[in-house]
Structures are given as C-alpha cells and as structure tokens.
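The structure appears below as structure tokens.
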4 protein chains.
Amino acid sequence: MSRRGNAKAPRNQPRQSRSRVTVDAILEATIRVLEQEGADAATTSRVAEVAGVSVGTLYQYFANRDAILHALQDRELERASQLMSGLLGKSERVSEQAIARAVVEALLKSYRAAPALHRVLAVEGLRVTPHDRVLAFDARVVGTIRAFLSLPGMPVRRTNLDAAAFVIYQAVRAAMLAYLLEDPAGLDDTSLVEELTDLILRYLVDVAAPERVSA
Amino acid sequence: MSRRGNAKAPRNQPRQSRSRVTVDAILEATIRVLEQEGADAATTSRVAEVAGVSVGTLYQYFANRDAILHALQDRELERASQLMSGLLGKSERVSEQAIARAVVEALLKSYRAAPALHRVLAVEGLRVTPHDRVLAFDARVVGTIRAFLSLPGMPVRRTNLDAAAFVIYQAVRAAMLAYLLEDPAGLDDTSLVEELTDLILRYLVDVAAPERVSA
Amino acid sequence: MSRRGNAKAPRNQPRQSRSRVTVDAILEATIRVLEQEGADAATTSRVAEVAGVSVGTLYQYFANRDAILHALQDRELERASQLMSGLLGKSERVSEQAIARAVVEALLKSYRAAPALHRVLAVEGLRVTPHDRVLAFDARVVGTIRAFLSLPGMPVRRTNLDAAAFVIYQAVRAAMLAYLLEDPAGLDDTSLVEELTDLILRYLVDVAAPERVSA
Amino acid sequence: MSRRGNAKAPRNQPRQSRSRVTVDAILEATIRVLEQEGADAATTSRVAEVAGVSVGTLYQYFANRDAILHALQDRELERASQLMSGLLGKSERVSEQAIARAVVEALLKSYRAAPALHRVLAVEGLRVTPHDRVLAFDARVVGTIRAFLSLPGMPVRRTNLDAAAFVIYQAVRAAMLAYLLEDPAGLDDTSLVEELTDLILRYLVDVAAPERVSA
DNA sequence: AATGAATGAGAATTCATTCAT
DNA sequence: AATGAATGAATTCTCATTCAT
C-alpha cells in the first residue's frame with residue numbers, strides 16, 4: 001500500500017532524488033511552520049523560505065497551496081494505514097486490550113509529533129479540500145478498522161460495523177487531538193491512554209473486560 | 001497622507017429591540033453563510049449582505065470579524081448549557097440509558113440545525129479565538145458533565161472524572177459532527193444515536209447495561 | 001472564516017539595482033503626488049499607480065504607508081546634513097553674511113523643488129511619526145547648527161546656543177515654507193533671501209552687520 | 001474687527017443662546033479632543049460625544065467636518081486680532097522691547113492653552129482649507145503687524161514691510177509651536193520669550209537695542 | 001529548473017454624512 | 001430640533017500565483 005513499503009505495487013514515479021528531496025523539504029517545512037508558527041503563518045512564501053527554496057520552486061512541485069496539504073494528508077494516511085496494518089495485522093496471540101492500547105499509544109505518539117498538523121488535516125481538511133477527498137481519507141481509515149473488526153474470531157459486540165468503525169475512529173481521534181491542543185487539567189498521557197483504551201474496549205469488545213482497567 | 005484605519009476599541013453592547021434585531025440578523029446571516037457557502041465565504045461583506053445590512057452597521061455591533069464568532073460561540077454555549085441542565089437536571093427517576101439517549105438526541109437535533117456552524121465553533125475556535133476562550137468554553141461543558149457524573153447515586157464506573165468528562169464530550173461531539181458533515185455510508189440518525197448512546201453508557205456507567213442495545 | 005490581514009513585520013531592506021530603482025520610483029512618486037495632488041491624495045494605491053508599480057510591489061519595499069514618509073524623511077535629513085556640512089564646513093575665510101546667505105539660498109533651492117514634501121516632513125511628521133523620530137530629526141539639524149555656532153572664533157552674540165539654534169532653525173524653515181506655499185504678496189525669492197539672511201545675522205551674529213543689508 | 005468689539009459692524013446673527021451654547025460646546029469639544037487624543041481621534045462622532053450632543057446635532061450647526069475647523073480658525077483669528085490690537089494699540093509710551101516681549105508672552109500663553117489646536121490650525125489649515133482661506137487668515141495677521149510697523153514714529157529698520165511682517169509672523173509662530181510640541185532640551189518658557197523678543201527686536205527695530213538681554 | 005520581483009484581486013475596517021423617527 | 005442607526009465609499013494591507021530572467 002505504501003509507495004515504498006509494498007514490493008508488489010507498481011513504483012509510482014520514484015522521481016529523481018533531487019525532486020524527492022525538494023518535495024520532502026517543502027512538506028517538512030509546512031509541518032514545521034504549522035507547528036511553530038500556526039496555521040495563519042503557513043503562507044506559500046513562508047513555507048518556501050523555511051524549506052530553503054524559492055516560491056517559484058515550490059510551485060514547480062505543487063500546483064497550488066492546497067496541493068501541499070493534500071500531499072501531507074496523503075502521507076499521513078499512508079502512515080496511519082501502515083501503523084494500523086502493523087498493529088492489527090500481527091494480532092495473532094495478543095489480547096484485544098493489548099491491541100487497543102498499542103493502537104492508542106501509537107496514535108498518541110504519532111499525533112504528539114505534530115498535533116497542529118493533525119488538527120489541520122482533520123479540520124482544514126473540510127475547508128480546503130474537495131469534500132470527496134476527506135470522505136475518501138476517512139473512509140479508508142474507517143475501512144481498515146472495519147476490516148479488522150470483521151476478522152473471524154473477533155469478539156466484537158457491535159452489529160453495525162460501519163457505524164462502529166466510524167464512531168470509534170472519530171471519537172478517539174478527536175479526544176486525542178483535543179487533549180494535545182488544549183492540555184486540559186486532570187489528564188496526562190497515561191490517563192488518556194487508559195481512558196481511550198477502555199473506551200474502545202467497552203464499546204467494541206464483547207467480553208466483559210474482566211475486572212476493571214484502571215482499578 | 002493623513003492617518004486612517006486604526007483598530008479601535010470594542011463596541012458598546014447591542015442595546016434594545018432594534019439593535020437586538022440587527023444583531024440577530026447578523027448572527028443568523030453568519031450561520032447561513034457558514035452553512036451554505038463555507039467558512040471562507042464568511043467575509044464581513046458577505047455576512048452583512050446576507051443579513052441585509054451594510055458593513056458599517058455590522059461594525060456598529062461587532063468590534064471585528066472574530067467578535068461575531070465569539071458571539072455565536074457564547075450563544076451556543078448558553079444553549080448547550082441550558083440543554084444539558086434541562087436534561088440532566090430532571091434525571092430523577094429515569095434510567096441512565098434514557099438520559100444518555102435523550103442527550104444524544106438533543107445534541108443531534110441541535111447540531112443538525114447548523115453543522116457547519118458547530119464545526120467552526122469546535123474547530124475554527126482554535127484558530128480564531130484566544131486560546132483561553134476555547135478552553136473556557138470546553139471547560140464549562142466538561143464541567144457540567146463532570147458535575148452530573150458526580151451526583152450521589154450515579155453508577156459511574158470511571159475513577160478519573162475529569163478525564164472521563166473530557167473524553168466523552170470530545171468523542172460524542174466529534175463523531176456527531178463528522179457524521180453530519182461527511183454523511184458516511186452505513187449510518188443514519190437512528191443508528192448514530194444508538195451507537196453513541198451505547199458508547200456513553202458502556203464507557204461511563206458501571207452496571208452491565210443488561211442485555212444489549214443493538215443486539 | 002479564516003483569519004486574514006494581520007499587520008506583520010518589517011520588510012527587508014531594499015537591496016540592489018532593480019530594487020533601488022523601484023524604491024526610488026516609489027519615493028519620487030510620493031513626492032510628485034504630494035506636490036501635485038496634496039497630502040490626502042497620497043494613498044498607497046495612488047502612489048503605486050504613479051510609481052508605475054502595483055500596490056503589492058510597494059508593500060514589498062515598505063512595511064506600511066508611514067514607512068514611505070520615514071524613508072523620505074531620512075533621505076531629506078541626509079541631504080540637509082550634507083548641505084549644511086558642505087556650506088558650514090568650508091567657512092574658512094568667508095564672511096558670516098556670505099555663509100548665511102549661502103545657507104538660505106541653498107535651503108530655498110532645496111525646498112522649492114518640493115515644498116509640499118517639506119511641509120509634510122515638517123508637519124505631518126508630528127502626526128504620523130513616533131514623536132521620537134521627529135525629535136531626533138530636528139535635534140540632528142539643530143545639533144549641526146549649534147556645532148557650527150560653537151566653532152572657535154565665531155562672533156556669536158547668543159549665550160544660550162541650544163535655544164538659538166532651535167529658534168533660528170524653526171524660524172527660517174517656517175518662513176521659507178510658508179513663503180513657498182502661500183506665495184504672499186510683496187515677497188519674491190530675492191527679498192526672501194535678503195530678509196532671512198538678515199534675520200539670521202542680526203539674531204545670531206555679534207558685530208553690527210555694518211551699514212545695512214537691504215539699505 | 002471683532003464680531004463683538006466693533007460697534008459699527010453689523011451684528012452677524014447673535015443667535016439664540018441655545019444654538020450658541022451648542023456651537024461653543026462643539027468647538028470646545030474639538031479642542032479638547034485635539035489636545036488630549038490627537039488629530040486622528042477628532043472624528044465627528046467623537047467630537048459630538050465629547051460635546052454631549054449627537055452627530056445629527058453637530059451637523060445641524062456645521063455643514064461638514066471642515067466647517068468646525070474653519071470656525072475654530074475664525075475664532076482664533078479673532079482672538080489673535082484682539083490680542084494684537086490690545087497690545088499694539090496702547091503702544092503709546094512703551095519701549096519697543098516691552099511691546100515685543102508683551103506680544104511674545106501673550107502668544108505663548110495663548111498657544112500653551114492649546115498647542116495641538118494651533119498646530120492643526122497652522123497646518124491642517126493647508127490641507128483642509130481652500131487655499132484662499134489660509135491666505136486670508138495669514139494675510140490678516142500679517143496685515144495687522146504690517147500696520148503696526150507702519151505707524152509714524154516707528155523705528156523700523158525694515159524697508160520691505162510686507163516681507164518683514166510675513167517673515168517675523170511665521171518665524172515666531174513656528175518657533176513657539178515647535179517649542180511647545182517638541183519640548184526641546186535647553187529651552188524653557190523664560191529663555192524662549194527672551195530669544196524671540198530679541199529676534200523680533202534685532203530684526204525689526206533700527207536702534208541698537210542698547211544694552212540688552214543676553215549682552 | 002530555480003529564482004524572486006511583480007501582480008492585483010480581495011479582505012477588514014473606518015468614518016463622514018444622511019435621514020427616518 | 002435632536003437623535004443615532006445605517007450607509008458605503010474609500011483605505012490599508014496580504015498573499016496566492018505568475019513569469020521574465
């Protein structure tokens with residue numbers, strides 16, 4: 001599925017290294033500006049400057065400003081997919097709780113690296129992007145989750161898997177993002193992971209997660 | 001080369017009847033534009049136009065563009081508070097499930113009236129608004145929830161009530177908003193209410209919600 | 001409702017040839033508009049138009065409208081300093097009267113080239129400019145005069161040199177400006193020079209300017 | 001010359017007291033705003049507010065914004081004329097120096113009461129006002145001075161009385177205004193009066209002002 | 001390919017002036 | 001006469017995008 005990770009997939013333009021480097025520089029610069037200076041500062045000029053290229057060059061690689069966000073979105077989707085596949089794939093002999101916790105922890109780690117980016121992706125998404133794009137993005141993540149829940153032998157209590165996947169995805173994402181951006185009193189990483197893991201389990205999984213999680 | 005255009009002071013609070021009407025027209029126009037034309041279209045001119053007043057009038061009532069959003073935020077917060085108080089207050093002899101469902105249904109109804117508005121409030125908030133404002137807003141809602149969960153006799157399974165209130169608030173809000181904005185396959189109002197009610201109950205409430213909701 | 005329009009940072013100093021040309025075009029355009037259309041006409045758009053560039057370009061070189069005036073002020077101060085140094089420096093074996101007359105004539109020539117500009121600099125200065133800037137400007141000119149008056153062997157009748165330099169600077173400047181702007185009956189260049197030279201001499205210099213100047 | 005002082009002149013509308021009071025309130029408010037909040041703050045609304053009337057009322061008495069300044073100018077001219085007449089008229093048996101000093105002191109007192117107003121009148125004059133108006137204003141003051149200098153028995157050294165009156169008027173006015181607005185180091189009221197008195201005498205009067213001030 | 005100066009449409013905001021009440 | 005809400009032209013400034021070098 002990944003541009004690089006899947007040996008069977010056709011190698012979509014493994015461009016000249018120079019281009020690749022420039023594109024990456026621009027994407028990284030965008031993230032850096034987003035995180036450190038805020039969404040308003042993320043002008044094409046500023047991004048180009050931080051990336052160490054000229055605006056002209058930026059436009060050589062991206063059709064317009066939104067295209068940068070789209071690329072970032074794609075990259076992120078790729079990573080999320082990867083992450084999920086990795087974690088959900090090897091589920092062989094691990095408890096559901098372990099999986100859920102692993103997912104939450106991995107997501108938290110990933111989000112923490114660039115919370116503002118994820119907010120923009122989650123949000124700017126709906127402004128900037130042709131509606132379809134957002135749908136496609138979310139649908140793909142939800143699809144992955146759904147597929148996982150559908151695996152034979154999964155002790156899932158939900159009937160409507162479409163609904164369940166959608167709800168749990170949005171719920172976890174939002175709670176995590178809000179946590180990172182608002183830093184609310186009474187919550188830290190540990191308790192967040194705790195709570196979200198439990199949220200997932202109780203909502204999705206059938207078996208009475210025996211005693212209590214944070215007991 | 002005389003000086004022009006300095007950002008000045010706040011406006012005096014809208015006073016009475018006529019004012020009230022104008023202010024409301026502006027707020028409603030903002031919502032309409034937000035819903036029908038998107039956040040980027042919500043310029044002061046466009047809002048004024050839709051409200052049927054001149055820009056000048058708009059600025060007579062709102063110190064600047066953000067002030068409109070703030071007013072909307074305040075209004076919404078008020079409504080949300082009212083709503084919650086109403087529903088959570090009379091909880092006397094009602095099952096937790098009935099309460100949860102009532103809340104979800106009420107929220108859905110409220111959100112459906114203006115989903116784009118709520119996205120902007122939930123989201124744009126973090127761009128436009130002094131961080132404090134968002135925190136205050138969210139904190140107040142979370143506080144209400146937390147207070148409810150703390151009521152004596154509440155069969156709450158959660159230990160960390162701060163965390164629980166925060167998580168469930170963000171989770172429900174986000175899932176609902178995403179549902180309204182993305183209209184994902186496999187979900188309709190009924191199933192959403194079903195799912196979210198169950199999410200709330202299983203996460204928050206202790207007793208095994210006996211049989212199963214969507215069983 | 002995204003954010004737009006925040007007053008940002010300073011611009012990078014105009015660099016080289018091309019830049020220099022553009023900057024000069026803008027400054028000259030400003031003067032031309034000031035002179036021919038008046039201070040109120042000197043909007044950023046009009047200046048850009050007359051300069052033959054776009055507003056955008058104007059703002060590429062000047063952080064804001066006032067910055068143009070400041071640049072003009074700086075340029076003028078430089079010229080004035082230069083002028084004074086030139087005239088007062090070579091004072092070796094010239095009569096005080098010759099020096100005074102030379103200064104007045106040079107000033108008149110300089111002011112005549114753009115009287116409205118000088119009015120704006122002398123005057124608008126106090127509105128547009130951080131007070132400090134005006135003080136600094138005037139203080140520097142006054143300082144130059146004062147230094148000259150302090151030269152050993154100067155037959156200065158004044159005791160309070162600070163006061164004298166300030167008074168004579170303001171007096172000559174104002175009279176000259178008013179003459180240029182009002183074109184009052186009974187005055188022409190020759191008589192103005194005559195009068196101001198005599199004003200300077202009689203106020204500043206000790207020796208009885210022997211017989212009479214315009215006698 | 002004065003609206004009230006000259007019994008022969010037709011009484012131009014000695015309006016109903018109410019009007020008079022309102023007009024005065026507006027003029028005084030303008031001065032207050034000018035002095036305390038600066039020229040930029042002197043909007044019609046602000047002036048009306050400070051005057052304790054509505055904008056509508058303001059426009060009942062003044063055709064437009066500039067008309068207020070014009071009225072102020074007229075009033076000031078009246079006062080200046082009065083002042084001059086008073087001082088220059090009774091010149092019977094007083095030394096020139098005493099007269100000059102009295103004029104300077106009176107002007108300083110008058111200017112000090114509202115320096116910003118006088119700056120605006122001296123300056124805004126040239127922006128706001130049809131050129132003629134400024135000319136007329138200045139011409140009138142200059143005329144008074146000129147007339148005084150022409151009195152028989154005046155020991156005036158100047159030949160070109162038009163020029164002399166113009167120059168000395170502009171010089172004294174500018175120096176005084178600059179002094180009040182810039183508050184330059186090395187000058188105080190006493191020394192300013194000293195310097196300006198001497199400037200006037202040496203420029204205008206023939207006889208070697210015998211011993212003298214800073215001799 | 002890369003550069004970055006130039007462009008100009010478009011946004012926020014102000015304020016003199018009008019006019020219905 | 002007085003009020004003050006409403007008007008909207010005019011102004012400053014930004015930023016995505018283009019294009020000559």
Side-chain angles (χ1 to χ4, degrees), chain A residues 16 18-19 22 40-49 53-68, chain B residues 1-8 12 14-16 18-19 21-22 40-49 52-66, chain C residues 1-8 12 14-16 18-19 21-22 40 42-49 52-66, chain D residues 16 18-19 22 40-49 53-66 68:
Chain A
Q16 322 79 39
R18 177 109 66 103
S19 305
T22 306
D40 279 342
T43 66
T44 50
S45 315
R46 180 66 184 137
V47 166
E49 184 185 5
V53 301
S54 67
V55 232
T57 298
L58 184 151
Y59 275 90
Q60 201 103 42
Y61 292 100
F62 295 93
N64 52 45
R65 188 176 178 279
D66 289 353
I68 306 180
Chain B
M1 260 198 176
S2 78
R3 251 233 155 296
R4 308 179 198 84
N6 10 11
K8 283 274 183 52
N12 32 352
R15 306 246 181 65
Q16 265 310 323
R18 178 124 53 122
S19 308
V21 169
T22 306
D40 278 341
T43 66
T44 49
S45 318
R46 181 67 183 134
V47 166
E49 186 184 2
V53 301
S54 66
V55 232
T57 296
L58 184 153
Y59 276 92
Q60 199 122 44
Y61 293 102
F62 297 93
N64 51 47
R65 190 159 139 289
D66 288 354
Chain C
M1 266 203 173
S2 77
R3 253 235 152 294
R4 307 179 198 87
N6 9 11
K8 280 276 183 47
N12 32 352
R15 306 246 181 62
Q16 266 307 324
R18 178 124 53 123
S19 307
V21 168
T22 307
D40 277 340
T43 66
T44 50
S45 320
R46 180 67 184 137
V47 166
E49 186 185 3
V53 301
S54 66
V55 231
T57 297
L58 185 152
Y59 276 93
Q60 199 123 43
Y61 292 102
F62 296 94
N64 52 46
R65 192 159 138 288
D66 288 353
Chain D
Q16 321 79 36
R18 177 108 67 105
S19 306
T22 306
D40 279 342
T43 65
T44 49
S45 314
R46 181 66 181 136
V47 166
E49 186 185 3
V53 301
S54 67
V55 233
T57 298
L58 184 153
Y59 275 89
Q60 201 104 41
Y61 291 100
F62 295 94
N64 52 44
R65 189 178 178 279
D66 288 354
I68 306 180

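Lettering follows sequence order; numbering is per chain, from 1. Predicted, not measured: the structure shown is a model, and the values here were computed from it.
One interatomic measurement links the two molecules: CG of C:Asp40 to C1' of F:dA9, which rounds to 15 Å at whole-angstrom precision. Summarising the geometry, the separation between CZ on C:Phe62 and P on F:dT12 is reported as 15 Å, rounded to the nearest angstrom. Rounded to a whole Å, the CD atom of B:Glu49 is 15 Å from the C1' atom of F:dT7. Rounded to an integer number of Å, the gap from B:Leu58 CG to F:dT7 P is 11 Å.
Rounding to the nearest 0.5 Å places CG of D:Asp40 at 13.5 Å from CZ of D:Arg46. Atom OH of residue C:Tyr59 and atom CZ of residue C:Arg65 lie 8.0 Å apart, to the nearest 0.5 angstrom.
When the side-chain nitrogen and oxygen atoms of A:Ser54 are compared with OP1 and OP2 of E:dT3, one or more of them lie within a distance under 4.0 Å.
Taking B:Val53 as the reference, B:Thr22, B:Ile26, B:Ala48, B:Ala51, B:Thr57 meet the side chain to side chain contact (heavy atoms under 4.5 Å, CB included) condition, with sequence neighbours excluded. Applying the side chain to side chain donor-acceptor pair (under 3.5 Å) criterion to A:Gln60, with sequence neighbours excluded, gives no partner residue.
Counting heavy atoms from C-beta outward, B:Phe62 and B:Thr44 have side chains that stay 4.5 Å or more apart.
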Using a cut-off of 4.0 Å between protein heavy atoms and nucleotide atoms, how would you tag nucleotides 16-21 of chain F 5' to 3' with B, S and -? BBB---
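Among the duplex regions that DNA chain F forms, those built from at least three successive Watson-Crick or G-U pairs under 3.5 Å are E:2-21 with F:2-21, ordered by first number.
Between C:Thr57 and D:Gln60, the residue anchored nearer the 5' end of DNA chain F, judged by the nucleotide with its closest heavy atom, is D:Gln60.
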